[in-house]
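Notes to accompany the following structure.
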2 protein chains.
Amino acid sequence: MDAPPARKAKTLKDIAELAGVSVTTVSKVINNYSDVSESTRAKVQAIINQQAFCPDPVASSLSGKASYSIGVILRYNPVWGLHHSFFYKVMFGLGRRLGQSNYDCVVFPDAWLGEPVDYLEKCVRRRVDGVVLMGVDFDSPNLEALAQSDLPCLFIDIVGDSYPGNNGYFLAWDHQQGACQAVDYLYALGHRKIGLLGGLPNTYPARSHREAFKERLSDYGLPICEEWMVGDDFTEDSGYYAMQKILQQPTKPTAVVCQSDAAAVGALRTLERSGLKCPDDISIIGYDDIEICRYTHPALTTIRQDTLLLGRLAADTIIACIRDGSAPREQILPVSLIVRDSCRRIESHA
Amino acid sequence: MDAPPARKAKTLKDIAELAGVSVTTVSKVINNYSDVSESTRAKVQAIINQQAFCPDPVASSLSGKASYSIGVILRYNPVWGLHHSFFYKVMFGLGRRLGQSNYDCVVFPDAWLGEPVDYLEKCVRRRVDGVVLMGVDFDSPNLEALAQSDLPCLFIDIVGDSYPGNNGYFLAWDHQQGACQAVDYLYALGHRKIGLLGGLPNTYPARSHREAFKERLSDYGLPICEEWMVGDDFTEDSGYYAMQKILQQPTKPTAVVCQSDAAAVGALRTLERSGLKCPDDISIIGYDDIEICRYTHPALTTIRQDTLLLGRLAADTIIACIRDGSAPREQILPVSLIVRDSCRRIESHA
DNA sequence: CATTTCACAGAAAGCGCTTTCGTTAATTAG
DNA sequence: CTAATTAACGAAAGCGCTTTCTGTGAAATG
């Protein structure tokens, strides 16, 4: 029978022999040293390409160079429930794009409750070249240590105002645009009394969304009613109770924009229990476009964030940081309105 | 100002000096070599414990020993939609438990479409000590190579009948129990005509569930009606169309057990469009207990699989494989019935 | 008492790579 | 034409660990 195709990875030495040079020289062409002539560089590079050679990442890390691995800090909060698939997709997009550049990602899960993990220690141990953080906020324990290090840190959906380090990069959605799209759409449908069902107030997404929301309202000359702006966090329960509060108001909004789909789902539940119908009695617009939107009742009009895209961009960004620090400090991604059945046109009595 | 606390990891050498022995000896006590006396072993071990020393994983891998990392193959299929949070949770439970044993996991995402990744090559490159595979079936490309290797492979929710290797371990849910619980529950509610809304027929979960379902039906002396057993895969769409077929039958079941929550959601949609009500006209029972169940209309009675538990068990299993191959080849986890609002009691006309 | 065994510890090589430094040959300067 | 410079390459040490092999003194054997 055929001998199995000897799954032995090629080494620098193999390349060196094929090219008739020393390992040193091969290493030098890989690492772009200047003291190698154009002719030998070309010769060696040709062999490298032909053999599809790629230096061993663990050997490379051991000798203090790139490990071709990036750390991914995942936060898990049982309360997020519906939001986990969001992270999964980002991570997937990220990992896949990294893989294409021969990077791999090693994930460090950190639970919301229970013993927090020491990010930096883990990252140093694994010699990762950079870190991507999801679901992490600035008061997370152990973040400080990471911030003091010189590892490039890419934060997802958070922005760097109060970050206690200078190694931070930030990739976030344009929640201002999201707020505007929601308001614009409702306004166009004739709504003039619009409430906000907010998420955790002091987070970047909630804050930027809320401010843009209010500003947009005043752009249109619409009333900004604090009693219509409620909500504690991004969960379904929060949406449930917040909607109850709104319904207790003497005059009610005709539409409510939510800061998460989960909260919107909670709001729908409140409506249903109150014998009200969406969108007949009140229009609801969600945020995130998680899977569930297509299956709610009615299907939820919402603002979509392209998670796979975010993941890919995260990969490109962190690699750029590592290579030459050439990544933009802050990137804001557009979002888009997805129209389903939870908003209706009404007669504006303006 | 204080010097930063020198985040330099300790090395074997440090320990050796503290203990007054050679690095060799320290290494030997760590790796349980027999040629070290009890007294020195104790002395060295004391220092190791006191310093909380843990050998550098990348150096360790380079020299051909444990890398303290395990590879996680993640499959992504846009069609799975709702199922992704399932994987996320398993991965989280897995990663966290692994971390507690000083293992880390490096994830290799593999897309359903597009260029498949070469598992084995990636795993060898990273020198992982073992592999956990999720969402992978036996006809996945590149799986063969992995199977031929001697890396321990732990498969999630699939069972090893047709696995082309002898390095496979399997961790799956007890779908037979799941089927029985559903049938038992419906029977107790008075249902005597029960249909099945199935998933991808030739997968382990669907097959074992289906067989147990039929068997349980005949245990009760209930009719097994092939026209009531439909469905192509686990998706919402599949459930949607399958339910339509069921409704076209001359005599209809009073209850339908589904092989996934997503399919159940699709079935609910069909009912709604047909002007039928669940559970009044027909009872539905889902499978998986994904987040969405609490938010459907009515809330879905279903069979829960404890994903975090599965993740933790996966970690324990793969570590046991690595340490001494002492893990059971196949483990089947119990599932549990979660009663919500989608099944009603009916008068049995038995 | 001389010799073989054995238990124990350390020296050294090696994993695949990076990087410093030395060496040679070609080039320029004096 | 010799001395100083530079360009191009390779030898070798080192990253932190494992493992083999060698060496020592003590115990056991004849």
Side-chain angles (χ1 to χ4, degrees), chain A residues 7-45 47-48 51-69 102-103 121 124-129 322, chain B residues 7-45 47-48 51-69 102 121 124-129 322-323:
Chain A
R7 276 267 178 182
K8 189 81 185 71
K10 294 176 194 60
T11 74
L12 266 197
K13 199 159 149 237
D14 300 327
I15 303 297
E17 279 166 8
L18 285 175
V21 298
S22 72
V23 280
T24 307
T25 303
V26 179
S27 174
K28 282 180 178 171
V29 351
I30 289 175
N31 294 346
N32 274 315
Y33 273 62
S34 59
D35 63 342
V36 34
S37 73
E38 265 320 311
S39 61
T40 52
R41 177 183 302 278
K43 182 177 60 181
V44 171
Q45 190 64 56
I47 308 269
I48 289 178
Q51 301 284 324
F53 173 77
C54 177
D56 183 324
V58 353
S60 173
S61 358
L62 219 217
S63 54
K65 218 23 198 328
S67 69
Y68 293 96
S69 70
N102 277 312
Y103 279 77
E121 193 262 334
V124 168
R125 245 174 86 79
R126 286 291 167 188
R127 295 167 158 75
V128 301
D129 299 334
I322 293 165
Chain B
R7 275 265 178 183
K8 189 81 187 71
K10 294 177 195 59
T11 74
L12 268 197
K13 198 158 150 240
D14 301 326
I15 303 296
E17 280 165 7
L18 285 175
V21 297
S22 72
V23 279
T24 307
T25 302
V26 179
S27 174
K28 282 180 179 172
V29 349
I30 289 175
N31 294 350
N32 272 315
Y33 273 61
S34 59
D35 62 341
V36 35
S37 73
E38 266 320 311
S39 61
T40 51
R41 176 183 303 279
K43 182 176 59 182
V44 171
Q45 190 63 57
I47 308 269
I48 290 178
Q51 301 285 325
F53 174 76
C54 179
D56 184 323
V58 353
S60 173
S61 358
L62 219 219
S63 54
K65 218 21 197 329
S67 69
Y68 294 96
S69 70
N102 277 312
E121 194 262 333
V124 168
R125 245 175 87 78
R126 285 291 166 187
R127 294 170 160 74
V128 300
D129 299 333
I322 292 165
R323 285 218 215 288

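FYI, side chains are in, hydrogens and waters are out, and symmetry mates aren't considered; it's all heavy atoms of this structure. We name chains A, B, ... by the order of the sequence lines, and we start the count at 1 in each one.
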Do any side-chain atoms of residues 52-60 of chain A form donor-acceptor pairs under 3.5 angstrom with protein atoms, and if so which ones, sequence neighbours left out?
residue, atom, partner, partner atom, Å
D56(A), OD1, V58(A), N, 2.7
D56(A), OD1, A59(A), N, 3.2
D56(A), OD1, R127(B), NH1, 3.2
D56(A), OD2, R127(B), NH1, 2.5
D56(A), OD2, R127(B), NH2, 3.0
S60(A), OG, A66(A), O, 2.6

Whether the side chain of [X] and the base of [N] hold a donor-acceptor pair under 3.5 Å is what I'd like checked.
{"X": "K10(A)", "N": "dG16(C)", "answer": "no"}
{"X": "D35(A)", "N": "dC9(D)", "answer": "yes"}
{"X": "T40(B)", "N": "dA9(C)", "answer": "no"}
{"X": "T24(B)", "N": "dA11(C)", "answer": "yes"}

Could you check how far [atom1] of [X] sits from [atom2] of [N], rounded to whole Å?
{"X": "I15(A)", "N": "dG16(C)", "atom1": "CD1", "atom2": "P", "result": "13 Å"}
{"X": "R127(A)", "N": "dC15(D)", "atom1": "CZ", "atom2": "P", "result": "11 Å"}
{"X": "K28(B)", "N": "dT22(D)", "atom1": "NZ", "atom2": "C1'", "result": "11 Å"}
{"X": "K65(A)", "N": "dG16(C)", "atom1": "NZ", "atom2": "P", "result": "19 Å"}
{"X": "R41(B)", "N": "dA9(C)", "atom1": "CZ", "atom2": "C1'", "result": "13 Å"}
{"X": "K13(B)", "N": "dG10(C)", "atom1": "NZ", "atom2": "P", "result": "15 Å"}
{"X": "I30(B)", "N": "dG16(D)", "atom1": "CD1", "atom2": "P", "result": "14 Å"}
{"X": "E38(B)", "N": "dC8(C)", "atom1": "CD", "atom2": "C1'", "result": "12 Å"}

Name the nucleic acid region contacted by [X], choosing base, sugar-phosphate or nothing; use a 4.0 angstrom heavy-atom cut-off, strictly under.
{"X": "F53(B)", "answer": "sugar-phosphate"}
{"X": "V58(A)", "answer": "nothing"}
{"X": "V23(A)", "answer": "nothing"}

Minimum-distance nucleotide to [X] side chain [options: [options]]:
{"X": "A59(A)", "options": "dC8(C), dG16(C), dT19(C)", "value": "dG16(C)"}
{"X": "T11(A)", "options": "dA9(C), dG16(C), dT18(C)", "value": "dG16(C)"}
{"X": "S60(B)", "options": "dC17(C), dA11(D), dC17(D)", "value": "dC17(D)"}
{"X": "S63(A)", "options": "dC15(D), dC21(D), dC8(C)", "value": "dC15(D)"}
{"X": "S27(B)", "options": "dA11(D), dT18(D), dG16(C)", "value": "dT18(D)"}

Would you say [X] and [Y] make side-chain contact, with heavy atoms under 4.5 Å?
{"X": "Y33(B)", "Y": "T25(B)", "value": "no"}
{"X": "K43(B)", "Y": "I48(B)", "value": "no"}
{"X": "E17(A)", "Y": "I47(A)", "value": "no"}
{"X": "R126(A)", "Y": "S69(B)", "value": "yes"}

Kindly say if T25(B) contacts the phosphate of dG10(C), meaning a side-chain N or O under 4.0 Å from OP1 or OP2.
->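 So the side chain of T25(B) is within the cut-off, an N or O lying under 4.0 Å from OP1 or OP2 of dG10(C).
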Does S37(A) have a side-chain nitrogen or oxygen under 4.0 Å from the phosphate oxygens OP1 or OP2 of dC9(D)?
->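 Result: yes.
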First encountered from the 5' end of DNA chain C, between V36(B) and L62(B) =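 Its nucleotide being nearer the 5' end, the pick is V36(B).
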Taking the side chain from D14(B) and the backbone from T11(B), do they hold a donor-acceptor pair closer than 3.5 Å?
->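 It does hold such a pair.
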Give a yes or no on whether the backbone of K65(B) and the side-chain of S63(B) come within a donor-acceptor separation of less than 3.5 Å.
->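 Answer holds: no.
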When you check the side-chain N and O atoms of S27(B) and T24(B), is any donor under 3.5 Å from an acceptor?
->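 There is no such pair (donor and acceptor under 3.5 Å, judged by atom type) between the side chains of S27(B) and T24(B).
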With axes from five pairs an end, tell me the bend angle of the helix from dC1(C)-dG30(D) to dG30(C)-dC1(D), nearest 10°.
->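 Between the first-five-pair axis and the last-five-pair axis there is 60°.
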